[in-house]
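Report on the following structure.
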Amino acid sequence: MIHVSDRRLFIVGVPVDPATFESMLTHIETWLARRDRVYQICTVSPEFVMIAQDNPDFMRALHQADLCVADGVGLLLAARLLGRRLPERVTGSDGVPLIARRAAERGWKLFLLGAAPGVAERAAARLVADNPGLIIAGTHAGSPAPTEEDEIVARVNASGADILFVAYGAPQQDLWIARNRDRLSVAVAMGVGGTFDFIAGVVPRAPRWMRRLGLEWLYRLYRQPWRWRRMLRLPRFVWAVLTRRERPLPLAGEDRVP
Ligand code: UDP
(Lines give C-alpha, C1' and ligand atoms only; values in the text may rest on other atoms or scores of the structure.)
Protein backbone atom coordinates (compact mmCIF):
# COMPACT_ATOMS: atom_id res chain seq x y z
CA MET A 1 0.00 0.00 0.00
CA ILE A 2 1.39 3.41 -0.96
CA HIS A 3 1.30 5.87 1.90
CA VAL A 4 0.77 9.51 1.11
CA SER A 5 3.10 10.78 3.79
CA ASP A 6 6.29 9.47 5.32
CA ARG A 7 5.72 11.90 8.14
CA ARG A 8 2.83 9.84 9.45
CA LEU A 9 2.87 9.58 13.22
CA PHE A 10 1.43 6.90 15.47
CA ILE A 11 -0.73 7.62 18.48
CA VAL A 12 -1.07 4.55 20.71
CA GLY A 13 -0.29 2.55 17.57
CA VAL A 14 -2.83 4.29 15.32
CA PRO A 15 -1.53 6.14 12.24
CA VAL A 16 -2.26 9.86 11.94
CA ASP A 17 -1.09 11.98 9.01
CA PRO A 18 -0.20 15.63 9.54
CA ALA A 19 -2.80 16.71 6.98
CA THR A 20 -4.67 19.94 6.38
CA PHE A 21 -7.96 20.41 4.52
CA GLU A 22 -5.90 21.73 1.63
CA SER A 23 -3.50 18.77 1.55
CA MET A 24 -6.44 16.37 1.74
CA LEU A 25 -7.98 18.05 -1.33
CA THR A 26 -4.64 17.85 -3.13
CA HIS A 27 -4.42 14.11 -2.43
CA ILE A 28 -7.96 13.63 -3.69
CA GLU A 29 -7.08 15.52 -6.90
CA THR A 30 -4.06 13.25 -7.41
CA TRP A 31 -6.00 10.06 -6.74
CA LEU A 32 -8.79 11.06 -9.11
CA ALA A 33 -6.24 11.82 -11.81
CA ARG A 34 -4.65 8.39 -11.28
CA ARG A 35 -7.81 6.34 -10.82
CA ASP A 36 -5.71 3.23 -10.34
CA ARG A 37 -7.46 1.88 -7.24
CA VAL A 38 -9.65 2.88 -4.30
CA TYR A 39 -7.93 5.28 -1.91
CA GLN A 40 -9.28 5.24 1.64
CA ILE A 41 -9.50 8.22 3.99
CA CYS A 42 -10.18 7.78 7.72
CA THR A 43 -11.09 10.62 10.09
CA VAL A 44 -9.29 9.45 13.22
CA SER A 45 -10.58 10.62 16.61
CA PRO A 46 -9.56 9.56 20.13
CA GLU A 47 -12.51 7.15 19.98
CA PHE A 48 -11.00 5.49 16.89
CA VAL A 49 -7.71 5.06 18.74
CA MET A 50 -9.37 3.36 21.69
CA ILE A 51 -11.64 1.14 19.58
CA ALA A 52 -8.61 0.01 17.56
CA GLN A 53 -6.88 -1.21 20.75
CA ASP A 54 -9.50 -3.96 21.07
CA ASN A 55 -10.31 -4.48 17.39
CA PRO A 56 -7.42 -5.83 15.28
CA ASP A 57 -9.42 -5.62 12.03
CA PHE A 58 -10.05 -1.93 12.64
CA MET A 59 -6.39 -1.36 13.54
CA ARG A 60 -5.38 -3.07 10.28
CA ALA A 61 -7.87 -1.02 8.25
CA LEU A 62 -6.45 2.19 9.71
CA HIS A 63 -2.90 1.07 8.91
CA GLN A 64 -3.90 0.26 5.34
CA ALA A 65 -5.74 3.55 4.77
CA ASP A 66 -4.03 6.04 2.49
CA LEU A 67 -4.81 9.07 4.60
CA CYS A 68 -5.67 9.21 8.30
CA VAL A 69 -6.62 12.77 9.19
CA ALA A 70 -6.86 14.00 12.79
CA ASP A 71 -10.53 14.55 13.58
CA GLY A 72 -10.43 15.52 17.23
CA VAL A 73 -8.65 18.04 19.39
CA GLY A 74 -7.43 15.17 21.60
CA LEU A 75 -5.21 13.97 18.76
CA LEU A 76 -3.60 17.38 18.35
CA LEU A 77 -2.84 17.43 22.08
CA ALA A 78 -1.59 13.83 22.02
CA ALA A 79 0.73 14.66 19.11
CA ARG A 80 2.22 17.52 21.13
CA LEU A 81 2.86 15.15 24.02
CA LEU A 82 4.80 13.01 21.53
CA GLY A 83 6.81 16.06 20.45
CA ARG A 84 5.06 16.40 17.09
CA ARG A 85 2.70 18.94 15.63
CA LEU A 86 -0.46 18.24 13.68
CA PRO A 87 -1.34 21.32 11.63
CA GLU A 88 -5.11 21.34 12.18
CA ARG A 89 -8.20 19.32 12.96
CA VAL A 90 -9.49 17.88 9.69
CA THR A 91 -13.07 16.89 10.41
CA GLY A 92 -15.48 15.01 8.19
CA SER A 93 -18.15 17.61 8.92
CA ASP A 94 -16.02 20.43 7.50
CA GLY A 95 -14.20 18.25 4.99
CA VAL A 96 -17.25 16.90 3.14
CA PRO A 97 -18.59 20.38 2.18
CA LEU A 98 -15.09 21.36 1.00
CA ILE A 99 -14.78 18.19 -1.07
CA ALA A 100 -18.26 18.86 -2.45
CA ARG A 101 -17.20 22.35 -3.51
CA ARG A 102 -14.13 20.98 -5.30
CA ALA A 103 -16.27 18.20 -6.80
CA ALA A 104 -18.70 20.77 -8.26
CA GLU A 105 -15.74 22.59 -9.87
CA ARG A 106 -14.17 19.43 -11.25
CA GLY A 107 -17.26 17.41 -12.13
CA TRP A 108 -16.52 14.61 -9.64
CA LYS A 109 -19.61 12.60 -8.75
CA LEU A 110 -20.41 11.85 -5.11
CA PHE A 111 -22.24 8.95 -3.48
CA LEU A 112 -23.60 9.39 0.06
CA LEU A 113 -24.00 6.05 1.86
CA GLY A 114 -25.34 5.61 5.38
CA ALA A 115 -27.15 7.50 8.16
CA ALA A 116 -30.84 7.08 8.96
CA PRO A 117 -33.28 6.73 6.02
CA GLY A 118 -33.77 10.05 4.25
CA VAL A 119 -30.82 11.81 5.89
CA ALA A 120 -28.31 11.21 3.05
CA GLU A 121 -30.89 12.58 0.56
CA ARG A 122 -31.34 15.71 2.66
CA ALA A 123 -27.61 16.15 3.05
CA ALA A 124 -27.22 15.72 -0.72
CA ALA A 125 -29.90 18.36 -1.41
CA ARG A 126 -28.11 20.76 0.92
CA LEU A 127 -24.74 20.14 -0.76
CA VAL A 128 -26.27 20.73 -4.21
CA ALA A 129 -27.99 23.92 -3.02
CA ASP A 130 -24.63 25.20 -1.73
CA ASN A 131 -22.69 24.03 -4.80
CA PRO A 132 -24.63 24.52 -8.02
CA GLY A 133 -23.64 21.97 -10.64
CA LEU A 134 -22.61 19.35 -8.07
CA ILE A 135 -23.45 15.85 -9.28
CA ILE A 136 -24.78 13.43 -6.66
CA ALA A 137 -24.49 10.01 -8.27
CA GLY A 138 -26.57 8.41 -5.55
CA THR A 139 -27.64 8.24 -1.92
CA HIS A 140 -28.58 5.18 0.11
CA ALA A 141 -29.08 4.53 3.82
CA GLY A 142 -28.55 0.77 3.78
CA SER A 143 -26.74 -0.78 6.72
CA PRO A 144 -23.21 -1.96 7.43
CA ALA A 145 -24.45 -5.58 7.71
CA PRO A 146 -22.27 -7.83 5.53
CA THR A 147 -25.45 -9.39 4.07
CA GLU A 148 -26.26 -6.08 2.35
CA GLU A 149 -22.78 -5.55 1.01
CA ASP A 150 -23.14 -7.11 -2.45
CA GLU A 151 -26.22 -5.09 -3.21
CA ILE A 152 -24.73 -1.82 -1.92
CA VAL A 153 -21.44 -2.29 -3.80
CA ALA A 154 -23.42 -2.98 -7.00
CA ARG A 155 -25.49 0.16 -6.42
CA VAL A 156 -22.44 2.37 -5.82
CA ASN A 157 -20.60 0.97 -8.84
CA ALA A 158 -23.65 1.33 -11.10
CA SER A 159 -23.98 4.97 -10.07
CA GLY A 160 -20.62 5.84 -11.65
CA ALA A 161 -19.60 7.76 -8.50
CA ASP A 162 -16.02 9.00 -8.15
CA ILE A 163 -16.05 9.61 -4.40
CA LEU A 164 -17.94 7.58 -1.79
CA PHE A 165 -18.75 8.92 1.68
CA VAL A 166 -19.76 6.24 4.20
CA ALA A 167 -21.66 7.30 7.35
CA TYR A 168 -22.00 4.17 9.48
CA GLY A 169 -19.94 5.42 12.43
CA ALA A 170 -16.63 3.92 13.52
CA PRO A 171 -15.50 1.22 13.21
CA GLN A 172 -18.25 -0.09 10.88
CA GLN A 173 -17.83 2.50 8.13
CA ASP A 174 -14.05 2.11 7.85
CA LEU A 175 -14.27 -1.69 8.03
CA TRP A 176 -16.98 -1.60 5.35
CA ILE A 177 -14.66 0.35 3.05
CA ALA A 178 -11.67 -1.88 3.87
CA ARG A 179 -13.68 -5.03 3.10
CA ASN A 180 -14.99 -3.71 -0.19
CA ARG A 181 -12.26 -1.49 -1.54
CA ASP A 182 -11.00 -4.08 -4.01
CA ARG A 183 -14.37 -4.31 -5.74
CA LEU A 184 -15.55 -0.71 -5.59
CA SER A 185 -15.08 1.37 -8.72
CA VAL A 186 -14.89 4.74 -6.96
CA ALA A 187 -11.47 6.42 -6.71
CA VAL A 188 -11.84 7.62 -3.12
CA ALA A 189 -13.83 6.26 -0.17
CA MET A 190 -14.05 8.08 3.14
CA GLY A 191 -15.76 7.27 6.46
CA VAL A 192 -17.56 10.39 7.65
CA GLY A 193 -19.39 9.49 10.91
CA GLY A 194 -22.23 11.84 11.78
CA THR A 195 -21.46 14.29 8.94
CA PHE A 196 -24.72 13.72 7.01
CA ASP A 197 -26.69 14.39 10.22
CA PHE A 198 -24.91 17.75 10.55
CA ILE A 199 -25.25 18.73 6.88
CA ALA A 200 -28.92 17.71 6.79
CA GLY A 201 -29.51 19.70 9.97
CA VAL A 202 -30.74 16.64 11.88
CA VAL A 203 -28.12 17.25 14.57
CA PRO A 204 -26.86 20.81 15.18
CA ARG A 205 -23.14 21.47 15.01
CA ALA A 206 -21.39 23.09 18.00
CA PRO A 207 -21.17 26.90 17.80
CA ARG A 208 -18.04 28.18 16.11
CA TRP A 209 -16.56 29.53 19.38
CA MET A 210 -16.81 26.11 21.02
CA ARG A 211 -15.20 24.44 18.02
CA ARG A 212 -12.39 27.01 18.11
CA LEU A 213 -11.77 26.26 21.79
CA GLY A 214 -11.65 22.54 21.03
CA LEU A 215 -14.91 21.88 22.90
CA GLU A 216 -16.99 20.28 20.14
CA TRP A 217 -16.99 17.00 22.09
CA LEU A 218 -18.56 18.80 25.09
CA TYR A 219 -21.34 20.23 22.91
CA ARG A 220 -22.02 16.79 21.43
CA LEU A 221 -22.29 15.39 24.95
CA TYR A 222 -24.78 18.15 25.84
CA ARG A 223 -26.91 17.58 22.69
CA GLN A 224 -26.62 13.80 22.65
CA PRO A 225 -26.23 12.86 26.35
CA TRP A 226 -26.60 9.16 25.58
CA ARG A 227 -23.07 9.41 24.21
CA TRP A 228 -21.64 9.61 27.74
CA ARG A 229 -20.73 5.96 27.83
CA ARG A 230 -18.90 6.25 24.51
CA MET A 231 -17.15 9.33 25.79
CA LEU A 232 -15.64 7.44 28.72
CA ARG A 233 -13.11 6.45 26.09
CA LEU A 234 -11.71 9.98 26.19
CA PRO A 235 -10.09 9.80 29.65
CA ARG A 236 -8.86 6.30 28.73
CA PHE A 237 -7.33 7.81 25.61
CA VAL A 238 -5.48 10.47 27.63
CA TRP A 239 -4.19 7.78 29.97
CA ALA A 240 -3.07 5.57 27.08
CA VAL A 241 -1.20 8.45 25.44
CA LEU A 242 0.51 9.39 28.69
CA THR A 243 1.55 5.87 29.58
CA ARG A 244 2.49 4.63 26.11
CA ARG A 245 4.70 7.28 24.62
CA GLU A 246 5.79 6.18 21.20
CA ARG A 247 8.73 8.28 20.19
CA PRO A 248 9.33 7.51 16.51
CA LEU A 249 12.71 8.58 15.23
CA PRO A 250 12.38 11.99 13.56
CA LEU A 251 12.61 11.79 9.80
CA ALA A 252 14.64 14.21 7.73
CA GLY A 253 12.93 17.58 7.33
CA GLU A 254 10.35 16.78 9.95
CA ASP A 255 8.79 19.56 12.01
CA ARG A 256 9.67 19.22 15.65
CA VAL A 257 7.96 21.21 18.35
CA PRO A 258 10.70 23.24 20.05
N1 UDP B 1 -25.31 4.78 11.27
C2 UDP B 1 -25.99 4.05 10.31
N3 UDP B 1 -26.13 2.70 10.46
C4 UDP B 1 -25.60 2.05 11.52
C5 UDP B 1 -24.89 2.79 12.50
C6 UDP B 1 -24.76 4.16 12.34
O7 UDP B 1 -26.44 4.61 9.33
O8 UDP B 1 -25.76 0.83 11.61
C9 UDP B 1 -25.14 6.22 11.07
C10 UDP B 1 -25.84 7.11 12.06
O11 UDP B 1 -27.19 7.34 11.64
C12 UDP B 1 -25.02 8.37 11.99
C13 UDP B 1 -23.62 7.83 11.66
O14 UDP B 1 -23.78 6.51 11.24
O15 UDP B 1 -25.43 9.18 10.91
C16 UDP B 1 -22.68 7.77 12.85
O17 UDP B 1 -22.81 8.89 13.56
P18 UDP B 1 -22.02 9.15 14.91
O19 UDP B 1 -22.48 10.47 15.37
O20 UDP B 1 -22.12 7.99 15.83
O21 UDP B 1 -20.53 9.18 14.35
P22 UDP B 1 -19.28 10.03 14.80
O23 UDP B 1 -19.39 11.34 14.08
O24 UDP B 1 -19.32 10.13 16.29
O25 UDP B 1 -18.16 9.16 14.30
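In each ligand, atom 1 is the first atom listed, and ligand 1 is the first ligand listed. As the structure is a computational prediction, the values presented were derived from the model and not from experiment. The figures here come from the full heavy-atom set of this structure, side chains too, leaving out hydrogens, waters and symmetry mates.
Protein heavy atom at the shortest distance from atom 25 (O) of ligand 1 is G193 CA, 3.6 Å. Nearest protein heavy-atom contact of atom 10 (C) of ligand 1 is A115 CA, 4.1 Å. Among protein heavy atoms, atom 8 (O) of ligand 1 sits closest to P144 CD, 3.3 Å. Looking only at heavy atoms of the protein, atom 22 (P) of ligand 1 is closest to G194 N, 3.7 Å. For atom 3 (N) of ligand 1, the closest non-hydrogen atom on the protein side is Y168 CD2, 3.5 Å.
Counting the atoms of ligand 1 from 1 in the order shown, those under 4.0 Å from a heavy atom of D197 are 12 (C), 15 (O). Proximity to G169 (heavy-atom distance under 4.0 Å) selects the following atoms of ligand 1: 13 (C), 14 (O), 16 (C). Listed by atom number, the atoms of ligand 1 under 4.0 Å from A167 heavy atoms are 1 (N), 2 (C), 7 (O), 9 (C), 13 (C), 14 (O). Every atom of ligand 1 is numbered from 1 in the order shown, and the set under 4.0 Å from a heavy atom of A116 is 11 (O).
Note that OH of Y168 and OG of S143 are 6.0 Å apart. Values are rounded to the nearest 0.5 Å.
Paired with K109 under the rule side chain to side chain contact (heavy atoms under 4.5 Å, CB included), one option of V186, D162, I163, L164 passes, and it is D162. The only member of I11, V73, L75, V14 that meets side chain to side chain contact (heavy atoms under 4.5 Å, CB included) when paired with P46 is L75.
In terms of polar-atom proximity, defined here as any N/O pair under 3.5 Å, E47 makes no such contact with ligand 1. Considering backbone and side-chain atoms alike, G114 places every N or O at 3.5 Å or more from each N or O of ligand 1.
Counting only non-hydrogen atoms, the option in M231, R227, R230 that gets closest to atom 19 (O) of ligand 1 is R227.
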Practice item. Begin from the C-alpha positions of R122 and D197 and carry the test salt bridge (charged side-chain N to carboxylate O under 4.0 Å, His left out) through to its verdict. Key: CA-CA 9 Å; R122 284 165 64 187; D197 298 330; over 6 Å; no

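Heavy atoms of R220 found under 4.0 angstrom from ligand 1 belong exclusively to the side chain.
Looking only at atom types and distance, the side chain of Y219 has no donor-acceptor partner in the side chain of R211 under 3.5 Å away. Residues N157 and S185 have side chains that bring a donor and an acceptor to within less than 3.5 angstrom of each other.
Between D71 and R89, at least one side-chain nitrogen of the basic residue sits less than 4.0 Å from a carboxylate oxygen of the acidic one, meeting the salt-bridge criterion.
Taking the centre of each ring, H63 and F58 stay at or above the 6.0 Å mark.
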